[in-house]
Amino acid sequence: MKPGMSLSKHYLQFKDFRAEEYRYLFERTAIIKKRFKNYEKYTPLVDRTLAMIFEKASTRTRVSFEAGMYQMGGSVVNLTTGDSQLGRAEPVEDSARVISRMVDLVMIRTYEQTKIEAFAANSRVPVINGLTNEYHPCQILADVFTYIEQRGSIAGKVVAWVGDGNNMANTWLQAADILGFTLHVSTPGGYEIDPKVAGVTNGSCVKTFKNPLDACRGAHLVTTDVWTSMGYEAENEARMKAFADWCVDREMMAAAQADALFMHCLPAHRGEEVEAEVIDGPQSVVWDEAENRMHVQKALMEYLLLGRIG
Ligand code: CP
Ligand code: NVA
């Protein structure tokens, strides 16, 4: 294959899949999760290998992909910047050409989206975004599945985003556009979602609010994330000041629907972006949300490697 040519289907942003593909993936996730809970063996990926490349820290993404791949009968190779030639400036294109000749699937967590795109363009095998500065599609896959599992269809519902206009916010916006719900967004000034980065031109799926309490009014789901994402640590002091009023508290949850859910991709900082009483309270589904990373990603890996089942 010529350099720069990739025939594989990748998952680099939420908008890489259509609504109909998400319907399929959520159905498969429910089946795969049920089998797992019933201790039924399901090993369709025997002899397949997943390479995971981490240029940033991770707990959930690492464990969910690695455990999920083993459960499906496959193997995993884990690379980090520090222990591979990636940290010694080997071009990402060369790394992609080599790694993708030896494995069947690649998951990457890195900084700029352009880097994962360059990798994918030179990869013989599917590439999955395990978080970049711009997007976190596997997390929103898990979050939407969790919503559906708890409350049914998300179409027509209101999701309130309180906090930073970051990778999670951009991905929620893409999901709102594709899956037909409304995103209420409240960020401090200077930390707004950049519509160009989110890549969503349909303004009807988003409403912005100066006051986070107003964003939560009538919401079916309230969600937030850390004030300082990985890679932005130098801005931490300024962010602590700017975000002080963007802490999801009991008053915000009370303004939402009576049966509203609270989600957080984790890791969380109690007393910063969320009150302990909210994340540890009855409306919080953060532990199911974290577990569901593994189930949705098993369905995603199955889809990318084997296509539709049945
Ligand atoms: N939510 C999430 O992606 O967690 P990790 O950073 O632990 O992988
Ligand atoms: N926005 C956070 C998400 C961590 C899972 C970050 O990028 O650090």
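Atom set for the values below is all heavy atoms of this structure, side chains included, hydrogens, waters and symmetry mates excluded. Computed from a prediction, not measured in an experiment: that's the story for all the values here. Start at 1 and go down the list; that is how both ligands and their atoms are numbered.
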* Given the rule in the side chain to side chain donor-acceptor pair (under 3.5 Å) test, do Asp288 and Thr146 qualify, once you have shown the distances and angles that lead to the verdict? -> CA-CA 7 Å; Asp288 288 323; Thr146 305; over 6 Å; no

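- By the 4.0 Å heavy-atom criterion, Leu266 is counted among the residues contacting ligand 2.
- When only non-hydrogen protein atoms are considered, atom 6 (O) of ligand 1 lies nearest to Arg109 NH1, 2.8 Å.
- Scanning the protein heavy atoms around atom 7 (O) of ligand 2, the nearest turns out to be Asn167 ND2, 2.8 Å.
- Although no hydrogens or angles enter the test, the distance criterion places no donor-acceptor pair under 3.5 Å between the side chain of Gln297 and the main chain of Cys138.
- The option with the heavy atom closest to atom 1 (N) of ligand 1, from among Gly130, Ala290, Cys265, is Cys265.
- Residue Thr224 holds its OG1 atom at 8.5 Å from CE of Met252, rounded to the nearest 0.5 Å.
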* To do: Check the pair Trp246, Thr187 against side chain to side chain donor-acceptor pair (under 3.5 Å), reporting the backbone distance first and the verdict last.
  => CA-CA 7 Å; Trp246 275 263; Thr187 66; over 6 Å; no

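- No part of Asp164 comes within 4.0 Å of ligand 2, judged by heavy-atom distances.
- Between Phe36 and His295, a ring centre-to-centre spacing shorter than 6.0 Å is recorded.
- When only non-hydrogen protein atoms are considered, atom 2 (C) of ligand 1 lies nearest to Arg293 NH1, 3.4 Å.
- Residue, atom and distance of the protein heavy atom nearest to atom 4 (O) of ligand 1 are Arg60 NE, 2.8 Å.
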* Can you check salt bridge (Lys or Arg N to Asp or Glu O under 4.0 Å) on Arg18 and Glu21, steps first, answer last? -> CA-CA 5 Å; Arg18 303 181 307 274; Glu21 289 177 288; 3.7 Å; yes

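- Figure legend: cation-pi geometry between Arg28 and Tyr303 absent, as NZ or CZ is not positioned both under 6.0 Å from the six-membered ring centre and within 45° of its axis.
- The shortest N/O to N/O separation between Asp225 and ligand 2 falls below 3.5 Å.
- The atoms of ligand 2 that sit less than 4.0 Å from any heavy atom of Met230 are 6 (C), 7 (O), 8 (O).
- Among protein heavy atoms, the minimum distance from atom 4 (C) of ligand 2 is reached at Leu131 CD1, 3.8 Å.
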* Asked: What's the verdict on side chain to side chain contact (heavy atoms under 4.5 Å, CB included) for Ile193 and Val200, showing C-alpha distance, side-chain angles and the deciding distance?
  -> CA-CA 11 Å; Ile193 294 180; Val200 176; over 6 Å; no

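- Of the polar atoms of His136, at least one N or O is found under 3.5 Å from an N or O of ligand 1, judged by distance alone.
- Short contacts between ligand 1 and Leu266, defined as distances under 4.0 Å to a heavy atom of the residue, involve ligand atoms 1 (N), 2 (C), 4 (O).
- A distance of 3.5 Å separates CD in Glu55 from OG1 in Thr110, rounded to the nearest 0.5 Å.
- Checking each of Asn129, Asn167, Asn133 against Gln113 for a side chain to side chain donor-acceptor pair (under 3.5 Å) leaves exactly one that passes, namely Asn129.
- Residue Thr59 approaches ligand 1 through these ligand atoms, each under 4.0 Å from one of its heavy atoms: 5 (P), 7 (O), 8 (O).
- Any N or O atom pair closer than 3.5 Å counts here, and Arg109 shares no such pair with ligand 2.
- Atoms of ligand 2 found under 4.0 Å from any heavy atom of Asn166 (numbered from 1 in listed order, with element): 1 (N).
- Looking at Leu131 against ligand 1, nothing comes within 4.0 Å, counting heavy atoms.
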